[in-house]
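Just follow the structure's listing: the first ligand is 1, and inside any ligand the first atom is 1.
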Amino acid sequence: MRLAVMGMGYLGATHAACMAEFGHEVLGVEADSARLDKLRMGEVPFYEPDLTELLRKHIESGQLQVTDSYEMAAAWGDVFFIAVGTPQKRGEPGADLSYVDSVIDELVPQLRRDAVILGKSTVPVGTAQRLSERADELAKDILVEIAWNPEFLREGYAVQDTLHPDRLVLGQLSGGKAETVAREIYAPVIAEDTPFIVTDTATAELVKVSANAFLATKISFINAIAEVCTAAGADVTAVADAIGYDARIGRKFLNAGIGFGGGCLPKDIRAFMARAGELGASEALTFLREVDNVNMRRRTRMVEVARAACGGSLLGARVAILGAAFKPESDDVRDSPALNVAGQIQLQGASVTVYDPKAIPNSRTIFPTLGYADSAMTACERADVILVLTEWPEFVELDPRALGKVVSRRVVVDGRLCLDRALWQLSGWEYCC
Ligand code: UGA
């Protein structure tokens, strides 16, 4: 099939390359000229394992093309995916839908034949219905059907998650043909017996935000338990391991630490609360405010632990921060807990040096005043304290004995509970978490 993907960011570029891998002819539409130039050369403008190979393969074969032209896109295919961002509004909890709206406003008037538009971006419940009404106004003697097909991929595993998702969800308006179209597009996934859930659009939109709200709640739950563990002298990792054996609970997403960040979970729970409020159901989601509070408190708490590790004051201390990305296998620093902590520590008078295997260029853009190093070892030279804030394998496997030779004091703060405590202590380190 001929598919157009509107927006070639983390979601769109991955989706476009994977749809080409399924054998479809794909046109990716991207407005940012720098990003477009990279994509044209088969380069991925961000770090995502396995994506460069896949994208390059299909750009080179011509199976995947990219453009900034909506006119070309409108003439291209019969199916259009919306994959643009829905960030948090500036100074407000709700989602900024301006990019999604402008896809409809720019694309639909240029369409000359019936089309199906499948939304993948995370949107507040009711958006597909609203966009559908808008498309009806803009369409010129043609039928434009809008359905929602939320995406559940994780950064760091985006290719794998798109090629082999654990479920497909499609929300369509009554009488539509989106299901038939989606079955054809995702034939290779459906052939793997992947559950394919067809609902109305509101339900599909809610599936996505509910999933992210649940994951955020699970993380904040274990972080709340971590606070009690600290007060009681208990071990939160052992608690997580033990309760995780209960299949109803499960061990995944029970890693305590400095909490969740990124371009999805934090803004999605806020947009979810805002939307529930608009619908008159705000009471139902008040618990998400606490989920957000627990999460943000982790960052403040980490700064306090670092301060205590420096003898009560960060003024003049040399602090090495290992990790800047919001999680490993990503260069994404949107709402990154690690960078947030680094910034707060610097504001308290410390000299901060950050190292991350992939996220330094993005970090420099957001926090140009922090110090940056090109290896973990260099970042830690003469440090009074080391903070491990993203659990990259490179940090988990650090040799504490070798590192101990370059620091000024052997004090490590494990912000992701990812280090082998006994090994570090045996190597003469004071271990804090
Ligand atoms: C999340 C969801 O997991 C995806 O299913 C969803 O498709 C995506 O958002 C989205 O809406 O686009 P992602 O943001 O890539 O994916 O990252 P996660 O793996 O969910 O991690 C989010 C944050 O939670 C990270 O900062 C991570 O370090 C933190 N986390 C995760 C914990 O603090 N503890 C855990 O046990 C797990």
Is NZ or CZ of Lys218 both nearer than 6.0 Å to the six-membered ring centre of Phe253 and within 45° of the ring axis? no

Gap separating the CG atom of Asn340 from the CZ atom of Phe367, nearest 0.5 angstrom: 6.5 Å

Under 3.5 Å between any N/O of Gly261 and any N/O of ligand 1: does that happen in this structure? yes

What part of Lys252, side chain, backbone, both or neither, has a heavy atom within less than 4.0 angstrom of ligand 1? neither

May I ask you to identify, for Glu151, whether its side chain, its backbone, both or neither come under 4.0 Å of ligand 1 on a heavy-atom basis? backbone

Just to be sure I read this right, does ligand 1 sit under 4.0 Å from the backbone of Asn255, its side chain, both, or neither, counting only heavy atoms? both

Does the side chain of Met19 reach to within under 4.5 Å of the side chain of Ile185, using non-hydrogen atoms? yes

Using heavy atoms and a threshold below 4.0 Å, how should the contact between Thr390 and ligand 1 be classified: side chain, backbone, both, or neither? neither

Nearest option to atom 2 (C) of ligand 1, as decided by whichever heavy atom of Asn212, Thr122, Ile222 sits closest: Asn212

Return yes when Lys218 approaches ligand 1 closer than 4.0 angstrom through a heavy atom, no otherwise. no

Just distances here: any N/O of Ile219 and N/O of ligand 1 closer than 3.5 Å? no

How close does the nearest protein non-hydrogen atom get to atom 7 (O) of ligand 1, and which residue and atom is it? Leu153 O, 2.6 Å

Can a non-hydrogen atom of Gly259 be found less than 4.0 Å from any atom of ligand 1? yes

Just need the protein heavy atom nearest to atom 17 (O) of ligand 1, so name the residue and atom and give the distance. Lys327 NZ, 3.1 Å

May I ask you to say whether Asp32 pairs ionically with Lys38, meaning some side-chain N is under 4.0 Å from a carboxylate O? no

Any N or O of Gly262 that comes nearer than 3.5 Å to an N or O of ligand 1? no

Check Leu254 against ligand 1 and report side chain, backbone, both or neither, counting heavy atoms closer than 4.0 Å. backbone

Over 12 foreign heavy atoms within 6.0 Å of CZ, Phe221: no

Determine, for Phe196 and Arg183, whether the Lys NZ or Arg CZ falls below 6.0 Å from the six-membered ring centre while staying within 45 degrees of the axis. no

Answer yes or no: does an N/O atom from Phe326 fall short of 3.5 Å to an N/O atom of ligand 1? yes

Working to the nearest 0.5 Å, report the span between CZ of Arg421 and OH of Tyr431. 5.5 Å

Is the number of heavy atoms from other residues, nucleotides or ligands under 6.0 Å of Phe287 CZ greater than 12? yes

Checking side-chain polar atoms at under 3.5 Å, does Gln129 have a donor or acceptor matched by the opposite partner on Glu133? yes

Which of the listed options, Phe253, Phe260, Phe152, holds the heavy atom that is closest to atom 20 (O) of ligand 1? Phe253

Considering only protein heavy atoms, which is closest to atom 15 (O) of ligand 1, and at what distance to one decimal place? Glu155 N, 2.8 Å

Out of the candidates Arg334, Lys358, Lys327, only one should pair with Glu155 under the salt bridge (charged side-chain N to carboxylate O under 4.0 Å, His left out) rule; please name it. Arg334

